[in-house]
Amino acid sequence: MNSLALSLSKELDGPSSADLIRYESGFMTERSESIYDVLYRPFKANTHYVIIAYADARIEDFTLHLQKQKPDGQWETLKSVNENKRKKISNDPTNELGDYEILKDFTVASDSEYRLVLISDKKNSRSGRYSVLIYAKEGESTTTSSTNNTSSNSTSNVDFKQKIEATGLSYKVTEKGDYHLTVKRDDGRTQLIIITGKTQTYKDMELLDIWSPIKKITSKSDLGFANGLFLLERNENLKFGAWQIAGEKSPYLVNISITTSTSIASHDLKKIIEFLAEEADLREKELTQKDDY
């Protein structure tokens, strides 16, 4: 965090029992009816948050909203704060009293998308600067202290059912907990997309694999030198993911795979699925002249 964020945290009495994990600052532009800005998305489950938003005196009477994405892609407000608290901040460029709102201790579920939105409905609001401080503490409330310093390193599986349903694509869940989606192509072909139910972790990130197979081979050499070289050269130009041969033992699967964060928004998930389906189906048709997957 930069010095400005830490200064604001102190001046706005940020919670001492939580970490300041994110600081955002920007300008809300003048509009005819309202000022609207999406601030933050990747909220984690089993984590307690406190949000403090401050806007200088040029922005009048703003509201801080916590919104949840519904299966149809629309957003609904779960919490909103408009308490009109005012405080003079040393780095306020207008050198006047500015408003600030505090969205107190809350947690989110892991099976939906959430976002913060800053809105001012005052028609006479002018362009002004806002600052948002986001505090988080895993496993316990940010408003109380705890003598238990133990923490779990386990990461729960993320239920993507609602996100997948929001894409509008047909799917089924396997016994292993993987999601199998069938994407219909314009020429009548279909392509299988697999989202792994088991996630991986890297530091504080939770990750999952999305992949699409095109060919089953008994030996890795069965792919052939020319085809293997062709797919490696494709990797250089792919916008996402990479071609690979997967499996610890025969049979192996030639597939294209993408690793992404579990916090991915449903509309971005759909874009990745569509990209994988297009690339995989084209290569399956080109290399095998079949539509097995």
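Basis for what follows: all heavy atoms, side chains included, without hydrogens, waters or symmetry-related copies.
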Side chain to side chain contact (heavy atoms under 4.5 Å, CB included) evaluation trace for L287 with K215: CA-CA 9 Å; L287 299 181; K215 184 178 176 65; 5.9 Å; no
I256/L238 under side chain to side chain contact (heavy atoms under 4.5 Å, CB included): CA gap, chis, key distance, verdict: CA-CA 10 Å; I256 181 172; L238 290 177; 3.8 Å; yes
As a quick check of understanding, evaluate side chain to side chain contact (heavy atoms under 4.5 Å, CB included) for I164 and I195, giving each step before the final call. CA-CA 10 Å; I164 294 173; I195 301 177; 4.0 Å; yes
Show, in sequence, the C-alpha distance, side-chain angles and deciding distance for I245 and L223, and conclude whether the side chain to side chain contact (heavy atoms under 4.5 Å, CB included) test is met. CA-CA 9 Å; I245 299 176; L223 178 60; 3.9 Å; yes
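For the atom pair N227 CG and I217 CD1, the distance stands at 10.0 Å (nearest 0.5 Å). Taking CZ of R234 as the start and CH2 of W243 as the end, the distance is 8.5 Å to the nearest 0.5 Å. Here the CG atom belonging to L64 is positioned 11.5 Å from the NZ atom belonging to K79, to the nearest 0.5 angstrom. Distance CG/L181 to CG/L276: 10.5 Å, rounded to 0.5 Å.
Two residues are said to be in side-chain contact when any heavy atoms from C-beta on lie closer than 4.5 Å; L253 and Y293 meet this criterion. For the pair T259/L208, no side-chain contact is recorded, criterion being any heavy-atom separation below 4.5 Å from C-beta on. Residues V183 and I273 have side chains in contact (heavy-atom distance under 4.5 Å, counting atoms from C-beta outward). When side chains are defined from C-beta on, S212 does not count as touching I194, because their heavy atoms never get closer than 4.5 Å.
Every residue meeting the side-chain contact (heavy atoms from CB on, under 4.5 Å) condition with A246, not counting sequence neighbours, appears here in chain and number order: Q244, N255. Qualifying side-chain contact (heavy atoms from CB on, under 4.5 Å) partners for F240, counting only residues two or more places apart in sequence or in other chains: I258, F275. Scored by the side-chain hydrogen bond (donor to acceptor under 3.5 Å, both in side chains) test, S266 finds Q69 as partners (sequence neighbours excluded).
When each of I210, T260, L169 is tested with L269 by the rule side-chain contact (heavy atoms from CB on, under 4.5 Å), just one qualifies, namely I210.
Applying the salt bridge (charged side-chain N to carboxylate O under 4.0 Å, His left out) test to every pair with at least one member in residues 237-263, sequence neighbours left out, gives no pairs at all. Sorted by first and then second residue, the side-chain hydrogen bond (donor to acceptor under 3.5 Å, both in side chains) pairs involving residues 281-290 (not counting sequence neighbours) are R185-D281, R189-D281, E279-R283, R283-E286.
Of all the heavy atoms in S80 and H65, the pair that sits closest is CB-ND1, 3.5 Å. Taking all atoms of both residues into account, the shortest heavy-atom contact from P213 to Q191 is O-NE2, 3.1 Å. The minimum heavy-atom distance linking K216 with P251 is given by the pair CG-CB, 3.7 Å.
Between the side chain of E233 and the main chain of G228, no donor-acceptor pair closer than 3.5 Å is present. Proximity of a side-chain donor or acceptor of D222 to a complementary backbone N or O of S219 within less than 3.5 Å is detected. S261 places no side-chain N or O within 3.5 Å of a backbone atom of L207 that could act as its donor or acceptor partner. The closest donor-acceptor contact from the side chain of T196 to the backbone of D209 lies under 3.5 Å.
No single ILVMFWY cluster, assembled from side-chain heavy atoms under 4.5 Å apart, contains both W211 and Y179. Grouping the Ile, Leu, Val, Met, Phe, Trp and Tyr side chains by contacts below 4.5 angstrom, directly or via other members, places I193 apart from L282.
Atom CG of D186 has 12 or fewer heavy atoms from other residues, nucleotides or ligands within 6.0 Å.
Cluster partners of F225, by chain and number: L229. The rule joins Ile, Leu, Val, Met, Phe, Trp and Tyr whenever side-chain heavy atoms lie under 4.5 Å apart.
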